[in-house]
Structure formats: structure tokens, C-alpha cells
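Written below as C-alpha cells is the structure these notes are about.
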Amino acid sequence: MGLTVSDVITSAPSTWGAANAASAAIVYPLAAFVAVPLATVVSDPAQMWHAGQRYGEVADRLRTASSEVSQAVERHASADHWKEKGKDAFIANRVKPYQDTLGAAADMYDNVRDTLWGCAVGYTVAGMASAVIGSALLNFVAAKLAAAVVPAVDVAAEYVANRLMVQAAQTVRVLIKGLAAINGVAIKIIGDVSSVKLLLATGAGSLMSGTYIGAAAAPSFESTQTTLTWPRRLASGEAVPAGYHAPSAADENAIRNIEPASLTALSKDLDRNAAKTLAGAYDHAQGNDVGYPGFGLVGLHLAHAHSVMREHAAQQLAACRDEPGTWLPGLRSNSGVWVCADQASADAAKHVK
């Protein structure tokens with residue numbers, strides 16, 4: 001069995017780095033200046049990855065719902081002998097606009113998934129850098145612990161550090177020696193890669209991942225906020241809004257010639273299939289949380305950005321319902337005037353800041 005993403009995207013590196021640095025700080029107080037920043041990086045990229053997968057599942061459900069709409073319309077058009085003009089007009093002016101928007105919604109959730117996956121990779125690289133730094137610090141302190149001396153920074157710091165080292169509990173000594181030994185094995189596993197090359201490579205990766213986490217990830221979340229333009233029913237006397245178009249008079253007449261009883265049967269079919277799938281997708285998306293530690297202390301702004309993005313996406317999807325909460329209301333009757341967005345208008349409104 002080969003290596004999978006779940007084997008790589010993990011909280012282990014950041015936790016390992018913080019644990020090493022914290023262990024070093026117990027007996028070498030100056031190490032706290034490294035231990036505290038590394039503690040803020042402790043996160044769980046796997047939670048981000050799995051949350052992204054769940055958004056991908058939402059996209060799949062939306063595409064499934066779109067297919068179920070087509071299947072339901074075909075079933076009832078065939079069973080109830082819809083006239084060809086009525087069927088073509090209904091599909092062009094009612095079905096296709098919903099399917100186009102469902103496709104845009106699926107793309108939106110795919111983008112959300114990809115953004116979270118990008119965060120997971122960035123955090124994993126940052127965690128690996130944390131592990132290298134924490135391990136290097138602990139190996140340094142372990143060597144000093146064996147001799148019970150520290151570099152002379154100043155008299156007070158040297159006295160405190162030496163006193164703590166000498167008085168350290170046996171359990172602390174065992175912990176530090178054990179961690180240092182494991183780090184030594186890890187270095188051997190790395191093989192011919194020199195420590196200088198490793199630190200340079202990890203440093204570069206840390207810089208890139210840190211830049212993504214600190215500056216690029218939040219805008220990436222914002223860029224996924226898509227405005228979906230669902231078909232809408234005009235109120236009596238209401239003019240067609242800008243960016244929308246109404247069916248031709250011939251298409252409206254053809255749609256009205258479809259038997260209301262057939263559309264009632266179609267409505268029930270939708271409730272059993274497409275509408276049920278959409279409701280499941282909405283619930284799955286709205287309740288999708290990364291969890292704790294998730295983005296970690298260093299990524300509190302990203303946790304907020306993700307929350308805003310998730311709520312925006314859920315609101316856009318929920319706009320496919322009418323006020324009573326019925327999904328795909330434009331497919332359930334042949335009354336009223338339904339308008340749909342022009343493609344150019346839909347493309348222009350795709351991304352909002």
C-alpha cells in the first residue's frame with residue numbers, strides 16, 4: 001500500500017517541534033523564546049484536509065442533484081406525454097438555469113475544498129520546520145544538560161539555568177534524553193542530507209508556508225465567496241431586473257400548456273430525490289467545522305475567514321429555496337413569470353470581495 005495524503009498531512013510535526021522546545025525550556029529558560037512561538041504553530045492540518053474533503057462531498061451532492069432533476073423531468077415528460085415545445089421551453093427556461101447555478105455552486109465548494117487543502121499543506125510544511133527547529137534546540141540543550149553547563153549569556157541567566165539543570169527531576173532528564181535519542185534516529189533516517197541543506201530547505205519551506213498562512217490564505221478564502229444567481233419569480237407588475245431575462249411569449253405559452261397535475265407529480269418526485277439531496281448538501285456544508293486545534297493560535301484569523309466563507313456559501317445555496325423552504329420552486333408549477341440570469345451577468349457576479 002503506497003503513501004497517502006493522510007500519512008503526510010498531520011499535526012505530528014508541529015506538536016513534535018513544540019514539545020521539543022518546551023522540554024528544552026524546562027531546564028534552559030532562554031529556550032522559552034523559541035518554545036512560545038512554536039506553541040502557537042501547533043495545529044492540525046489533517047482537520048483542514050478532512051474539512052476540505054467534506055466540502056468536496058457537498059460539490060458532488062450538488063452535481064448529483066442536478067442529474068436527478070434531469071431524470072425527474074424526463075420521467076414525467078415521457079409518462080405524461082408533454083408536447084415537445086412545452087418540454088423544450090420548460091427545460092430551457094426552468095431546468096437549465098437551475099442546473100447552471102447548481103454547477104456554479106458545485107464549483108464554489110470545489111474552490112473552498114482546494115483552499116482548505118492549500119492551508120493543510122502550508123501548515124504541514126510549517127510544522128516540519130517547527131519540528132526541525134524544536135529538535136535542534138532540544139539536542140543543543142541535551143548536550144548542555146549532560147555537562148550541567150550553559151553558555152554564559154549573563155551571570156543571572158547562567159546561574160538560574162545551571163541551578164535548574166542540576167536540580168531537574170529524573171523524569172525530565174529521561175524525557176529530554178529520550179527525545180534527543182529519537183531525534184538522532186530521525187537524523188540517521190534522513191541519510192546523506194546534510195544538516196545545513198536540511199535547515200536551508202526547511203527554512204525556505206517555512207518561509208513560503210508562513211507567507212501563505214500569514215498573508216495569502218485569508219484572501220484565498222475571500223476569493224471563494226461566489227454570488228449565485230438563482231432563477232427568481234417576478235412579483236405582479238415587477239419589471240425584469242437588470243442582468244436577467246424572461247422567457248419569450250411563445251415559451252411562456254408552451255410551459256402553461258403542461259398539465260398542472262404532471263408538475264404536481266414532478267414536485268413530489270423532486271422531494272424524494274433532488275430536493276432531498278440538496279437538503280443533505282446544505283446541512284453537510286453548514287455544519288462543516290475544522291475543529292480544534294485546527295488553524296492553531298497563529299491562524300485565528302484564518303479560522304474566522306473560514307467561518308465567514310462557510311456561512312456565505314451556505315446562504316448562497318439556501319437561496320435555491322423559497323420562503324416556505326421548498327427547494328427548486330421554479331420547477332413545481334407553470335404559473336407566474338420566472339426570470340433567469342444572463343450568463344454575462346452571472347460571470348460578472350461570480351466573485352465578490
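- Considering only residues two or more places apart in sequence or on other chains, Glu311 meets the salt bridge (Lys or Arg N to Asp or Glu O under 4.0 Å) condition with none of them.
- To the nearest 0.5 Å, the span separating CG on Leu317 from CG on Leu62 amounts to 5.5 Å.
- Two residues are said to be in side-chain contact when any heavy atoms from C-beta on lie closer than 4.5 Å; Leu116 and Asp114 fail this criterion.
- When all heavy atoms of Pro97 and Ala92 are compared, the closest pair comes out as CD-O, 3.4 Å.
- Using a 4.5 Å heavy-atom threshold, the side chains of Arg310 and Val112 count as separate.
- Using a cutoff of 4.0 Å between basic side-chain nitrogens and carboxylate oxygens, Arg332 and Asp322 are not scored as salt-bridged.
- Shortest non-hydrogen contact noted between Gln316 and Leu228 is OE1-N, 2.8 Å.
- Hydrophobic clustering (ILVMFWY, side-chain heavy atoms < 4.5 Å, transitive): Val337 and Val240 are in one cluster.
- In this structure Gln315 satisfies the side chain to side chain donor-acceptor pair (under 3.5 Å) test with no other residue, sequence neighbours excluded.
- In terms of the side chain to side chain donor-acceptor pair (under 3.5 Å) criterion, residue partners of Arg75 (sequence neighbours excluded) are, by chain and number, Asp269.
- The shortest distance between side-chain heavy atoms of Leu102 and Trp230 falls below 4.5 Å.
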Would you be so kind as to tabulate the donor-acceptor pairs closer than 3.5 Å made by side chains of residues 54-61, with sequence neighbours excluded?
{"from": "Arg54", "atom 1": "NE", "to": "Asn288", "atom 2": "OD1", "distance (Å)": "2.6"}
{"from": "Arg54", "atom 1": "NH2", "to": "Asn288", "atom 2": "OD1", "distance (Å)": "3.0"}
{"from": "Arg54", "atom 1": "NH2", "to": "Asp289", "atom 2": "O", "distance (Å)": "3.1"}
{"from": "Tyr55", "atom 1": "OH", "to": "His306", "atom 2": "NE2", "distance (Å)": "2.9"}
{"from": "Glu57", "atom 1": "OE1", "to": "His284", "atom 2": "NE2", "distance (Å)": "2.9"}
{"from": "Arg61", "atom 1": "NH1", "to": "Gly280", "atom 2": "O", "distance (Å)": "3.0"}

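- The nearest pair of heavy atoms linking Gly86 to Ile258 is O-CD1, 3.7 Å.
- Across all their heavy atoms, Gly294 and Met48 have their closest contact at O-CE, 3.2 Å.
- At least one donor-acceptor pair closer than 3.5 Å links the side chain of Thr277 to the backbone N or O of Asn273.
- Applying the salt bridge (Lys or Arg N to Asp or Glu O under 4.0 Å) rule to Arg233 yields no partners; only residues at least two apart in sequence or on another chain are considered.
- Using modelled atom types, one side-chain atom of Thr101 and one backbone atom of Thr229 make a donor-acceptor pair closer than 3.5 Å.
- Taking every heavy atom of both residues into account, Asp342 and His245 meet most closely at OD1-ND1, 2.7 Å.
- Summarising the geometry, atom NZ belonging to Lys268 is positioned 12.0 Å from atom CG belonging to Leu266; distances are rounded to the nearest 0.5 Å.
- The pair Glu68-Lys276 fails the salt-bridge criterion, with no side-chain N (NZ, NE, NH1 or NH2) lying under 4.0 Å from an Asp/Glu carboxylate O.
- Remark: Leu278 CG to Ser66 OG distance equals 9.0 Å, nearest 0.5 Å.
- Rounding to the nearest 0.5 angstrom, the gap separating the OG1 atom in Thr226 from the CG atom in Asp107 is 8.5 Å.
- For the pair Phe295/Gln47, no side-chain contact is recorded, criterion being any heavy-atom separation below 4.5 Å from C-beta on.
- To the nearest 0.5 angstrom, Ser78 atom OG is 7.5 Å from Lys87 atom NZ.
- Counting heavy atoms from C-beta outward, Leu270 and Trp327 have side chains that stay 4.5 Å or more apart.
- In this structure, a donor-acceptor pair under 3.5 Å is present between the side chains of Ser70 and Gln99.
- For residues 77-86, there are no salt bridge (charged side-chain N to carboxylate O under 4.0 Å, His left out) pairs, not counting sequence neighbours.
- The two residues Val69 and Ala274 have their closest heavy-atom pair at CG2-CB, 3.8 Å.
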Taking only distance into account, with no hydrogens and no angle test, what donor-acceptor pairs under 3.5 Å do side-chain atoms of residues 247-255 form with protein atoms, sequence neighbours excluded?
{"from": "Ser248", "atom 1": "OG", "to": "Asp251", "atom 2": "N", "distance (Å)": "3.2"}
{"from": "Asp251", "atom 1": "OD2", "to": "Asn93", "atom 2": "ND2", "distance (Å)": "3.0"}
{"from": "Asn253", "atom 1": "ND2", "to": "Ala249", "atom 2": "O", "distance (Å)": "3.3"}

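- With sequence neighbours excluded, no residue forms a ring pair (Phe, Tyr, Trp, His ring centres under 6.0 Å) with Tyr98.
- For the pair Pro329 and Trp338, the minimum side-chain heavy-atom distance is below 4.5 Å.
- With sequence neighbours excluded, no residue forms a salt bridge (Lys or Arg N to Asp or Glu O under 4.0 Å) with Arg321.
- Atom-to-atom distance recorded for Leu302:CG and Leu300:CG is 9.0 Å, nearest 0.5 angstrom.
- Residues meeting the side chain to side chain donor-acceptor pair (under 3.5 Å) test with Ser335, sequence neighbours left out: Ser333.
- Ser307 places no side-chain N or O within donor-acceptor distance of the main-chain N or O of Ala303, the cut-off being under 3.5 Å.
- Listed by chain and number, the residues in a ring pair (Phe, Tyr, Trp, His ring centres under 6.0 Å) with Trp82 are Phe90 (sequence neighbours excluded).
- With sequence neighbours excluded, the residues forming a salt bridge (Lys or Arg N to Asp or Glu O under 4.0 Å) with Glu238 are Arg232, listed by chain and number.
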